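Everything quoted here is computed from the prediction, not taken from an experiment.
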Amino acid sequence: MAKHITFQSLTAESSLLTCLSLAVLYVGSLYIWTSKLPRDHPRTIKERFRRVVFTCIVSVVLLYFVSEGSTQDFQNSATLLQWLGIRTDGILAASIFPLTLFLILFLGPLYLMLLSDFSDLHPNNWKKYFYDLRCWRNYVVAPFSEELVFRGCMLPLLLPVFGPSISIILAPSFFGVAHIHHAWEKYYKELYPFSTVVISTVFQAFYTSLFGALSSWLFLRTGHLLSAVICHAFCNMMGFPDFSAAFHHEEKVKICTAFVCGLLLFFIFANSLTDPTIFNNHLYITT
C-alpha cells in the first residue's frame with residue numbers, strides 16, 4: 001500500500017520559500033546554458049522539453065522531501081500521487097465537466113470563431129499540427145508541466161498554512177511572475193521596444209495570474225490535475241479574447257451578447273459543474 005503523507009507541520013516561511021524555489025527552478029531551467037536560437041526553433045523547443053521534464057521530476061521529489069509520514073487514518077493525509085491530483089477515481093467527469101464550464105466561459109470567442117475562416121482546421125491540415133513542436137509545447141508539455149508544478153506541487157504546500165482562499169491567490173502569483181521571463185526574450189532576442197515589452201509583460205502577468213487563480217480553484221474543487229491541464233490547454237488554444245474584433249464585427253451585437261451570456265452562465269454553473277462529489281474529491285475540500 002502506498003505511503004500516506006501530510007504537510008501539516010509546514011510553517012508559512014517554509015511553505016513560501018519552497019514554492020518560490022519551485023518557480024525559480026522551473027523558469028531557471030529554461031534559461032541556464034541556453035542557446036541564442038529563437039524560442040520557436042525546433043532545437044530550442046526540444047531542449048526545453050528535456051529541461052521541464054527534469055524540473056517536474058525534481059519538483060515532485062522536493063514535494064515528497066518536505067512532507068511528513070502519516071497514518072492512513074490521519075485527516076488530510078494522502079499518497080503523493082493523490083496530493084498531485086493524479087488519480088483514476090472520477091477521471092471521466094474530470095475530463096468533461098470542467099472543460100464544459102470553460103466552453104461556456106468562452107462562448108463569445110467561440111461564436112466569433114464560428115463566423116471566421118476555418119480553413120486551417122480542415123482535417124487535411126491536422127497532420128501538420130501533429131508534427132508541429134510548437135503545438136506540442138503549447139497544448140501538451142506546457143499545460144502539463146505548469147499545472148504539475150504550480151498547482152499539483154504548490155497547493156499541497158500552501159493549503160495547510162494559508163487555507164483554500166489565500167492559497168488560490170498565492171499560487172497564481174508565482175505562476176504570473178514565472179511568465180515575466182518572456183520579457184527577456186522579447187527585449188533581447190526579438191528586439192521589441194522597451195515600452196512595448198513593459199506593457200505586454202504587465203498585462204501578461206496579470207492575465208496569467210488571473211488564469212492561475214481560476215486553475216487553482218478548479219484543481220481544489222475537482223482534486224484532479226487532469227482537469228486543470230485540459231482547461232489550460234484549451235485556454236492556450238483560445239488565447240486572450242479579441243474584444244476589438246468583436247466590437248468591429250458586422251455581427252457585433254450577437255457576438256457581444258454571446259460574450260456576456262458566456263460570463264453569466266459561467267458563474268451560474270461554476271459550482272454545479274465543479275461539485276467535489278462528482279469527482280469523488282475527499283482530500284482538498286476538507287483542507
Trainee: Answer yes if the side chains of N280 and D89 hold a donor-acceptor pair under 3.5 Å, and no otherwise.
Mentor: yes

Trainee: Quick one about Y111 and T257 (side-chain donor to acceptor, distance below 3.5 Å, no hydrogens or angles considered), yes or no?
Mentor: no

Trainee: If I compare all heavy atoms of S272 with all of I278, which pair ends up nearest, and what's the gap?
Mentor: O-CD1, 3.3 Å

Trainee: Any chance you could measure L103, atom CG, to M238, atom CE, to the nearest 0.5 Å?
Mentor: 8.5 Å

Trainee: Judged by atom type as modelled, is there a donor-acceptor pair below 3.5 Å linking the side chain of S215 to the main-chain atoms of F211?
Mentor: no

Trainee: Between C19 and M154, which heavy-atom pair has the shortest distance, and what is it?
Mentor: O-CE, 3.2 Å

Trainee: So, does R87 use its side chain to make a donor-acceptor pair with the main chain of G223 at under 3.5 Å?
Mentor: yes

Trainee: Does a side-chain heavy-atom distance below 4.5 Å link E146 with Y26?
Mentor: yes

Trainee: When you group the ILVMFWY residues by side-chain heavy-atom contacts below 4.5 Å and let the links chain together, are L264 and L110 in the same group?
Mentor: no

Trainee: Can you name the nearest heavy-atom pair linking A246 to C256, along with the distance?
Mentor: O-SG, 4.5 Å

Trainee: Do you know which two heavy atoms are closest between L112 and H249, and how far apart they sit?
Mentor: CD1-CD2, 3.9 Å

Trainee: Just by modelled atom types, is the A94 backbone N or O under 3.5 Å from a matching donor or acceptor in the T222 side chain?
Mentor: no

Trainee: What distance separates S21 OG from L25 CG, expressed to the nearest 0.5 Å?
Mentor: 8.5 Å

Trainee: Let me check something: do L99 and V140 share a hydrophobic cluster, defined by ILVMFWY side-chain heavy atoms less than 4.5 Å apart, either directly or through other members?
Mentor: yes

Trainee: If we only count heavy atoms from C-beta on, is the L16 to L158 side-chain gap below 4.5 Å?
Mentor: yes

Trainee: Can you find a heavy atom in the side chain of H282 that is under 4.5 Å from one in the side chain of Q82?
Mentor: no

Trainee: Quick check: is F102 connected to F97 through a chain of hydrophobic side chains (ILVMFWY, heavy atoms under 4.5 Å apart)?
Mentor: yes

Trainee: Classify the ring geometry of F243 against F259: parallel below 30°, tilted from 30° to 60°, perpendicular beyond 60°.
Mentor: tilted

Trainee: With a 3.5 Å cut-off and no angle check, do the side chains of E68 and S9 form a donor-acceptor pair?
Mentor: yes

Trainee: Just by modelled atom types, is the S244 backbone N or O under 3.5 Å from a matching donor or acceptor in the H248 side chain?
Mentor: yes

Trainee: Ignoring hydrogens, what is the shortest heavy-atom contact between L63 and V66? Give both atom names and the distance.
Mentor: O-CG2, 3.3 Å

Trainee: One pair to check against side chain to side chain contact (heavy atoms under 4.5 Å, CB included): I104 and I268. What are the steps and the verdict?
Mentor: CA-CA 10 Å; I104 292 173; I268 291 174; over 6 Å; no

Trainee: For E47, is there an ion pair with R51 - N to carboxylate O distance below 4.0 angstrom?
Mentor: yes

Trainee: Heavy-atom distance under 4.5 Å between the side chains of I57 and V53, does that happen here?
Mentor: yes

Trainee: Rounded to the nearest 0.5 Å, how far does OG of S167 lie from OH of Y284?
Mentor: 10.0 Å

Trainee: Might you work through the side chain to side chain contact (heavy atoms under 4.5 Å, CB included) test for C153 and V60, ending with a clear yes or no?
Mentor: CA-CA 7 Å; C153 291; V60 172; 4.2 Å; yes

Trainee: How long is the span from the CG atom in L155 to the CZ atom in F162, to the nearest 0.5 Å?
Mentor: 12.0 Å

Trainee: Is R221 salt-bridged to D275, going by a charged N under 4.0 Å from an acidic O?
Mentor: no

Trainee: Is the Y64-W83 ring centre distance short of 6.0 angstrom?
Mentor: no

Trainee: Let's go through T6 and S67 carefully: what are the C-alpha distance in whole Å and the side-chain angles of both, what is the deciding distance for side chain to side chain contact (heavy atoms under 4.5 Å, CB included) to 0.1 Å, and is it a yes or a no?
Mentor: CA-CA 6 Å; T6 186; S67 70; over 6 Å; no

Trainee: Give the intermediate values and the outcome of side chain to side chain contact (heavy atoms under 4.5 Å, CB included) for residues L133 and R137.
Mentor: CA-CA 6 Å; L133 287 175; R137 177 193 62 194; over 6 Å; no

Trainee: Do S59 and L148 have side chains that get closer than 4.5 Å, going by heavy atoms?
Mentor: no

Trainee: Look up atom CD1 in I230 and atom OG in S95, then write down how far apart they are to the nearest 0.5 Å.
Mentor: 4.5 Å

Trainee: Quick one: are K3 and T79 in side-chain contact, heavy atoms under 4.5 Å?
Mentor: no

Trainee: Are any side-chain N or O atoms of H41 and backbone N or O atoms of R43, one a donor and one an acceptor, separated by less than 3.5 Å?
Mentor: yes

Trainee: Taking the ring centre of each residue, are F234 and Y139 less than 6.0 Å apart?
Mentor: no

Trainee: Has N138 got a side-chain atom pairing as donor or acceptor with M237's backbone, closer than 3.5 angstrom?
Mentor: no

Trainee: Does the side chain of F279 reach to within under 4.5 Å of the side chain of I91, using non-hydrogen atoms?
Mentor: no

Trainee: Quick one: closest heavy-atom pair of V161 and A12, and the distance?
Mentor: CG1-CA, 3.5 Å

Trainee: Flag yes if F65 and L81 sit in one hydrophobic cluster, no otherwise; membership is Ile, Leu, Val, Met, Phe, Trp, Tyr, and two members link when side-chain heavy atoms are under 4.5 Å apart.
Mentor: yes

Trainee: Linking I/L/V/M/F/W/Y whenever their side-chain heavy atoms sit closer than 4.5 Å, directly or via other members, would I96 and L273 fall into one cluster?
Mentor: no

Trainee: Can you see whether S14 engages T11 through a side-chain donor-acceptor pair at a distance of less than 3.5 angstrom?
Mentor: yes

Trainee: Are side-chain heavy atoms of L157 and L22 found at a separation under 4.5 Å?
Mentor: yes

Trainee: Within a 6.0 Å radius of atom CD1 on I166, are there more than 12 heavy atoms belonging to other residues, nucleotides or ligands?
Mentor: no

Trainee: Distance from T18 atom OG1 to L62 atom CG, nearest 0.5 Å?
Mentor: 6.0 Å

